[in-house]
Amino acid sequence: MQRLYDFLRRHPAGVDCFWALVVLGVSIVSDKNPGTRVNGTDNLALILPVVVLLCGVIALRRRAPERMLLLAVALGVAQLALDVSTTPADFAFLVIIYTVAATGARWASRTALITGLSAAPLAQLRWADGELSMGTLIAVTVFQTVPFALAWVMGDSVRTRRAYFAQLEERNARLEKEREAQAKVAVAAERARIARELHDVVAHNVSVMVVQADGAAYVLDTAPDQAKNALETISSTGRQALAEMRRLLGVLRTGEHKEAGEYVPQPDVQQIEDLVEQCRTSGLPVDFKVEGTPRQLPSGVELTAYRIVQEALTNTRKHGGPNAGASVRLVYFDDGLGLLIEDDGKGAPHELYEEGGFDGQGHGMIGMRERVGMVGGTLDAGPRPGGGFRISALLPLKPAN
């Protein structure tokens, strides 16, 4: 039985042909017994072509429902006009009405409904029984109309259910695509954030290590103690860079347990002073001041402030020249945190612009602007009159949760 069921599901056209043959056989058997007819002619030359064509309607209803509907309507009109007796093949009218209502075009569905509701009244007018009362005639007509109406209602319900399921599938597919797009956007944003973090960590710490290494090589023979201090600074800076890189790369790993002390916490405003001291140790004079009353800041604002100062001082070391100095100001306003980083370097302005200065084409300055934009702040960067570079930023403060 299961194999038969699977076969019928895979070959619906074969099922229609089978039922068409069944209806044809039943109609032929009934035509051989004229006593079973209640109306119409007994001329087989007229009945047989109508029966065969109605069976064809059943067999081809899935392939061409609209055409089969028109053929069925024409055959119904022919039966009325030629006084062809009704046969079991007239069951094809119910089948095609259901099929068109379920799968056919809208105009065909409406046509099927109208012709189905008209079939019984027209048949009663054509083959009226004079012995029936008016009430009985009306009741019989209504009773004969109900199957046509039910066939159309069932087909239209199937159409509605299929359309609903198709809409659900389309919606699910659209939501799946939206989820995939959102996931790709989130991945791209996370990669961009990690790239900015890595840029800040590598650019700052490596520049400190390069400066210290150059200084150690210069005084290695004449001042071994200074060379030793420089090497210790290189070692501690390298360890700090590795710790921060482990923290950043750790977010890319899933299903791994973080060992205690493996990752360092996110930098905050309190660590800016340590950053300034590190720059001083590397040979860059930095004047650092805090104005206003320090307070708790959102973590995103603190990280943004730290990275801006870090990037600005890194650019000063790289492009400010040997005698450059810098100043860092943190100003706590009622509704914002102000940052002002200036240097008096004499390096070529073109180099500063390429690194991400006034034209904003470098990765460093692009990263600054993106960070400030993420917290809803403003950033202004450009050369100072008379030389040097200035970066000012205003980061809005929000109550910490």
| So how far is it from Asp90 CG to Leu75 CG, rounded to the nearest 0.5 Å? | 9.5 Å

| task | Write down the atom of Leu340, the atom of Ser392, and the distance for their closest heavy-atom approach. | result | CD1-CB, 4.0 Å

| task | Please step through side chain to side chain contact (heavy atoms under 4.5 Å, CB included) for the pair Val328 and Lys289, ending with a clear verdict. | result | CA-CA 6 Å; Val328 177; Lys289 289 184 180 180; over 6 Å; no

| If you take all heavy atoms of Glu302 and Val269, which pair is closest and at what distance? | OE1-N, 3.3 Å

| task | Could you grab the distance from atom CG of Leu175 to atom CG of Leu168, nearest 0.5 Å is fine? | result | 10.5 Å

| field | Inter-residue atom distance Leu48.CG - Thr87.OG1, 0.5 Å rounding | value | 10.0 Å

| request: For Glu180 and Lys177, run salt bridge (charged side-chain N to carboxylate O under 4.0 Å, His left out): C-alpha distance rounded to whole Å, both residues' side-chain angles, the deciding distance at 0.1 Å, then the answer. | output: CA-CA 5 Å; Glu180 292 178 358; Lys177 291 181 180 178; over 6 Å; no

| remark: Closest non-hydrogen atoms of Val286 and Cys279, given as atom of the first, atom of the second and distance, are CG2-CB, 4.1 Å

| query | Do any N or O atoms from the side chain of Thr103 and from the backbone of Val100 form a donor-acceptor pair under 3.5 angstrom? | reply | no

| Is there a side-chain contact between Phe93 and Val57 (heavy atoms, below 4.5 Å)? | no

| message | Contact between Arg61 and Val95 at the side-chain level, heavy atoms closer than 4.5 Å - yes or no? | response | yes

| message | Could you work out, with salt bridge (Lys or Arg N to Asp or Glu O under 4.0 Å) as the rule, every residue matching Arg174, not counting sequence neighbours? | response | none

| said: For Arg317 versus Leu284, what's the shortest heavy-atom pair and its separation? | reply: CG-CD2, 3.7 Å

| field | Donor-acceptor contact present, side-chain Glu66 to main-chain Ala105, <3.5 Å | value | yes

Distance-only donor-acceptor pairs under 3.5 Å for side chains of residues 136-158, two or more places apart:
residue: Thr136; atom: OG1; partner: Ser133; partner atom: OG; Å: 2.9
residue: Thr141; atom: OG1; partner: Leu137; partner atom: O; Å: 2.8
residue: Gln144; atom: OE1; partner: Gln124; partner atom: NE2; Å: 2.9
residue: Thr145; atom: OG1; partner: Thr141; partner atom: O; Å: 2.7
residue: Trp152; atom: NE1; partner: Ser109; partner atom: O; Å: 3.0
residue: Trp152; atom: NE1; partner: Ser109; partner atom: OG; Å: 3.1
residue: Asp156; atom: OD1; partner: Arg106; partner atom: NH1; Å: 3.4
residue: Ser157; atom: OG; partner: Val153; partner atom: O; Å: 2.8

| message | Heavy-atom count check: over 12 atoms from other residues, nucleotides or ligands less than 6.0 Å from Arg67 CZ? | response | no

I'd like a table of donor-acceptor pairs (distance under 3.5 Å, sequence neighbours excluded) in which one partner is a side-chain atom from residues 330-337, with atom names and distances.
none

| said: Check this for me: Gln167, atom CD, are more than 12 non-hydrogen atoms of other residues, nucleotides or ligands nearer than 6.0 Å? | reply: no

| said: Could you check whether any side-chain heavy atom of Tyr306 comes within less than 4.5 Å of a side-chain heavy atom of Leu275, counting everything from C-beta outward? | reply: yes

| query | Do the non-hydrogen side-chain atoms of Leu379 and Ile391 ever get within less than 4.5 Å of each other? | reply | yes

| request: Kindly determine whether Gln278 and Asp274 satisfy side chain to side chain contact (heavy atoms under 4.5 Å, CB included), including the steps that lead there. | output: CA-CA 6 Å; Gln278 186 184 45; Asp274 297 335; over 6 Å; no

Using atom types as modelled, flag every donor-acceptor pair under 3.5 Å from a side chain in residues 382-389 to any protein atom, sequence neighbours excluded.
residue: Arg384; atom: NH1; partner: Asp343; partner atom: O; Å: 3.0

| Nearest 0.5 Å, what's the CG-OG1 distance between Leu394 and Thr378? | 4.5 Å

| message | If I take atom CD from residue Glu277 and atom CD from residue Gln271, how far apart are they, to the nearest 0.5 angstrom? | response | 14.0 Å

| note | For Arg179, the side-chain hydrogen bond (donor to acceptor under 3.5 Å, both in side chains) test, sequence neighbours excluded, returns Glu176

| message | Suppose we screen for salt bridge (Lys or Arg N to Asp or Glu O under 4.0 Å). Which residues come up paired with Arg162, at least two apart in sequence or across chains? | response | none

| remark: Residues Met68 and Leu60: closest non-hydrogen pair is CG-O, 3.5 Å

| query | Ile58 and side-chain contact (heavy atoms from CB on, under 4.5 Å): which partner among Leu21, Val23, Thr99, Ile96? | reply | Val23

| task | Give, for atom CE of Met368 and atom CD of Gln310, the distance between the pair rounded to the nearest 0.5 Å. | result | 9.5 Å

| query | Between Phe288 and Arg329, is a side chain to side chain contact (heavy atoms under 4.5 Å, CB included) present by the stated rule, with each step listed? | reply | CA-CA 6 Å; Phe288 177 63; Arg329 297 287 186 274; over 6 Å; no

| field | Closest non-hydrogen atom pair between Gly104 and Pro65, with its separation | value | CA-CG, 4.5 Å

